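As structure tokens, the structure follows; a few thoughts come after it.
Remember, it's a predicted structure, so these values are computed and weren't measured experimentally. In what follows, chains are A, B, ... by sequence order, proteins preceding strands, each numbered from 1.
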Amino acid sequence: MIDKLDNKTSVKCLFWLLDINYEIKDNKPEIWMWGIDGKGKRILVIDRNFTPYFYLVLNSQENPNSVLERVREKQAEIPHIADLELTVRRLFGQPVYAIKVLCQNPESISEVVKPLSKVNGVEKCLEHDIRYSMRYIIDNNVSPCGWYEIEVNEVKNDSKIQVDKVLTAQSSPIRIDKEGLPQLKILSFYPIFYASKGSPKPNRDPVLIIATVFNTGEKKIFVAKNHDDSSVIKDFIECVKKFDPDIIAGFETNRLQWQYLIERANKHNFNLIVDRANGVPHISVYGHMSITGRINLDILDFAEELPEVKVKTLENLADYLKIDRGKQQIFIDETEYAPYWENETKRVELIKFAMERAECISQILGMMLNYTVELSKLVGLPLDHVIKAAVGFRTEWYMIREAYKVGELIPERIDRPYIPYVGGIVLSPKPGIHENITVLDFKSMYPNIMIEKNISPDTYIPPLEPDPPSGVNIAPEVGHKFRKEPPGFYKKILSNLLTAREEIRKKMSQMDSKSDEYGLLDARQRVVKVITNAVYGYTGWLGARWFQKPVAEAVAAWGRDMILSSIKMAREFGLEIIYGDTDSIFIEHQPQKIEMLCKTIKENLGLELKPDKFYQRVLFTEAKKRYCGLLSDGTLDTVGLEVVRGDWAKIAKDVQEKVLEMVLRERSVEGAVRFVKERIKKIREQKVPFTDLIIWKTLTKSAEQYEVNAPHVQAAKILTNSGWDLTVGDKIGYVITRGTGKLYERAKPYIFASYDEVDKEYYISKQVIPSALRILSLFGLSEQKLLEDEILIKPKKLTDFIG
DNA sequence: GCTTTGATCTTACCC
DNA sequence: ACGGGTAAGATCAAAGCG
């Protein structure tokens with residue numbers, strides 16, 4: 001029993017919600033809300049008044065009251081049940097009777113579910129798989145990273161929780177219309193582990209350095225004495241305790257570093273106590289490490305959101321984000337940590353490198369925080385959960401909140417067989433170079449189709465069911481039916497999201513684009529867009545709680561219908577179509593006709609088709625989904641080609657990019673050919689940087705699970721045998737060496753290969769020539785011609801190829 | 001016994 | 001661990017050939 005500090009009645013407390021978790025004390029659940037109050041005090045609000053529950057869905061043939069009676073009889077045999085309430089809910093839009101089973105303890109729900117699901121008349125149990133803390137968030141319409149007001153009493157901080165105040169809730173939290181973040185304390189850190197052979201091993205290799213950066217500007221660095229890291233880790237723990245950060249940021253912390261530090265600490269017989277409740281970081285949902293009372297953010301998880309960053313190193317990420325890493329950038333590869341450490345003068349550089357990385361993490365965090373906060377607010381998952389959660393789960397959590405508001409039960413997640421369905425249409429392009437091409441595309445095509453046709457899991461009418469009085473929309477080709485009224489669950493969600501984004505963008509248009517508030521709104525509209533666009537994919541995801549194949553199938557069918565209609569209409573207007581993919585058409589630039597076309601389509605199809613891009617010149621090969629266009633501002637827009645792929649050697653990508661520039665911008669095929677020949681010569685002369693020869697490929701399963709041998713798998717096996725820990729998702733960098741036999745037998749991890757053993761002819765004939773020829777074959781060039789010694793005798797003019 | 005061919009595996013892209 | 005549509009290269013075994 002916690003004593004009140006004084007006898008005053010409860011007071012109102014304004015706070016910003018950082019994190020939420022639950023604890024069981026004396027067999028009773030408590031919601032713990034970690035926050036920052038209006039005066040910047042760190043607080044813990046404990047709510048003991050929220051009862052966990054789940055639902056029993058009743059068979060529609062049964063009398064609900066008699067089922068309730070039977071459940072009551074059973075209740076006598078089962079402890080833990082606090083109460084039963086007969087209610088009406090909806091499941092996939094259908095009204096159902098449901099018994100709300102209130103339990104004393106969230107951990108006992110699973111014990112209650114089993115016997116009660118067997119009661120006659122009970123069809124199934126639902127929502128027992130919703131975590132107690134998430135339940136609290138949903139039912140109270142609370143989102144992390146928002147401001148709330150709550151009635152509280154201050155109590156003694158008996159358990160030495162690391163906060164300024166411990167409070168008990170006397171009411172539910174109420175959302176306050178207040179923008180912005182409190183002054184957060186953020187600690188960024190980067191440790192260096194000794195790597196004697198391959199990846200560092202916690203039972204063998206010590207922590208040499210931990211560099212820390214506070215967002216107050218202060219920096220601290222802890223360095224081991226020889227190989228003894230006990231004090232390094234202790235000093236780090238002390239540093240965390242003293243600075244008391246709200247957010248701890250790192251790089252590779254979730255998959256690697258926290259666990260490593262925990263194990264090293266344990267090896268020295270102490271615990272890595274860095275959280276606010278005197279505990280150790282622990283594994284939590286979606287594979288992240290949770291630090292109670294603080295938010296643990298891994299910059300690497302943020303990098304996963306950026307497909308443009310192919311190999312997710314801290315340096316690549318920083319370069320992509322245009323972070324200034326100073327003039328004297330040091331880069332020390334992991335393989336060199338040990339030799340750097342052993343050398344007195346080089347050790348200084350290693351220490352500097354660790355600090356630079358910590359600073360870099362701190363800067364990246366600053367750039368990603370708005371986005372993560374907005375994501376957390378919209379989706380309703382705490383910051384550290386939401387950044388780790390896959391898109392499908394984020395979308396689903398957003399839906400779960402909305403479902404609660406309209407009384408929809410949350411369906412269970414079930415295993416389903418994979419049955420493919422037909423998706424969007426891709427037209428075969430007209431190969432060659434085209435001038436003055438406009439790209440028209442449907443604005444948010446799939447979301448708008450779902451809205452327009454009221455496609456939703458709760459509006460679907462199965463084949464044998466009679467049509468409702470409101471009538472139905474029937475999907476073309478596939479024939480699925482959806483009731484026209486009332487508006488479905490998805491229609492509501494998507495309309496809200498689309499309107500919300502419009503409103504945010506409207507606000508933004510009247511603001512200074514450099515202001516903090518603008519940045520915040522920009523992050524908000526991006527997040528809204530991401531969730532909007534994810535809904536269609538969600539509907540076809542086998543793991544989705546609201547999975548309904550006809551929903552996904554019908555959306556795609558209507559999409560095909562609309563794009564085909566548009567093409568037909570365009571042709572009727574006398575407009576030539578060059579290419580199209582799913583929701584876009586590439587069309588000759590005739591402004592008046594295009595305007596008329598868009599107007600006609602809006603009137604006939606109810607969806608907006610709008611000009612999106614204009615290409616002065618655009619080049620297509622025979623292939624779909626691969627082209628390159630020259631935009632009005634002179635930049636190249638390269639799509640699908642090797643240039644934008646991460647699994648070609650840089651040398652091949654650079655050559656292709658230059659070829660495209662020469663051809664599209666300079667209109668010089670001759671120049672392109674000359675360039676390719678020069679580069680080939682440079683490769684033979686070993687004048688190309690070694691790093692330009694590395695090929696990166698993702699390991700998508702463990703090396704043994706592959707059915708056929710492949711170069712990157714072979715390279716991965718070599719790395720594993722040399723002591724490197726590889727996991728699924730790792731990018732393997734390898735080069736092809738000279739020799740006989742299969743390609744995979746000649747693949748070698750780049751860290752083990754020397755330039756002299758590289759097979760230059762492979763890079764010429766299998767990397768550079770194919771990627772150059774992808775473009776140049778359009779102009780009648782062949783491999784032989786690119787390999788010929790003399791400069792092209794009589795090149796054709798670019799104008800000969802313009803269609 | 002050799003090369004050619006095609007199915008299959010694999011990755012990464014587009015929208 | 002959101003969907004389907006697509007290109008492309010390497011491997012591997014069957015087919016084709018003399």
Of the nucleotides [options], which has the atom closest to the [X] side chain?
X      : options               : answer
A/V639 : C/dA7, B/dC15, C/dA10 : B/dC15
A/Y744 : B/dT10, C/dT11, C/dG9 : C/dT11
A/H712 : B/dT11, C/dC2, C/dT11 : B/dT11

So does A/R526 pair up with A/D522, basic N to acidic O under 4.0 Å? yes

I'd like to know if A/D759 pairs up with A/K766 as an ion pair, taking the criterion as any Lys NZ or Arg NE/NH1/NH2 lying under 4.0 Å from an Asp or Glu carboxylate oxygen. no

Which is true for [X] with a 4.0 Å heavy-atom rule: it touches a base, it touches only sugar-phosphate, or it touches nothing?
X      : result
A/K388 : nothing
A/V713 : nothing
A/R645 : base
A/V422 : sugar-phosphate

B/dT11 phosphate, OP1 or OP2, under 4.0 Å from A/Y706 side-chain N/O: yes

Please confirm whether the shortest side-chain N or O distance from A/T700 to OP1 or OP2 of B/dT11 is below 4.0 Å. yes

Say whether A/Y706 and A/T700, considering side chains only, have a donor N or O and an acceptor N or O under 3.5 Å apart. yes

Please compare A/V391 and A/K625 by the position of their nearest nucleotide in DNA chain C and report the one closer to 5'. A/V391

Separation of C/dG9 P from A/R746 CZ (nearest whole Å): 16 Å

Aromatic ring proximity A/F92/A/Y460, centre distance under 6.0 Å: no

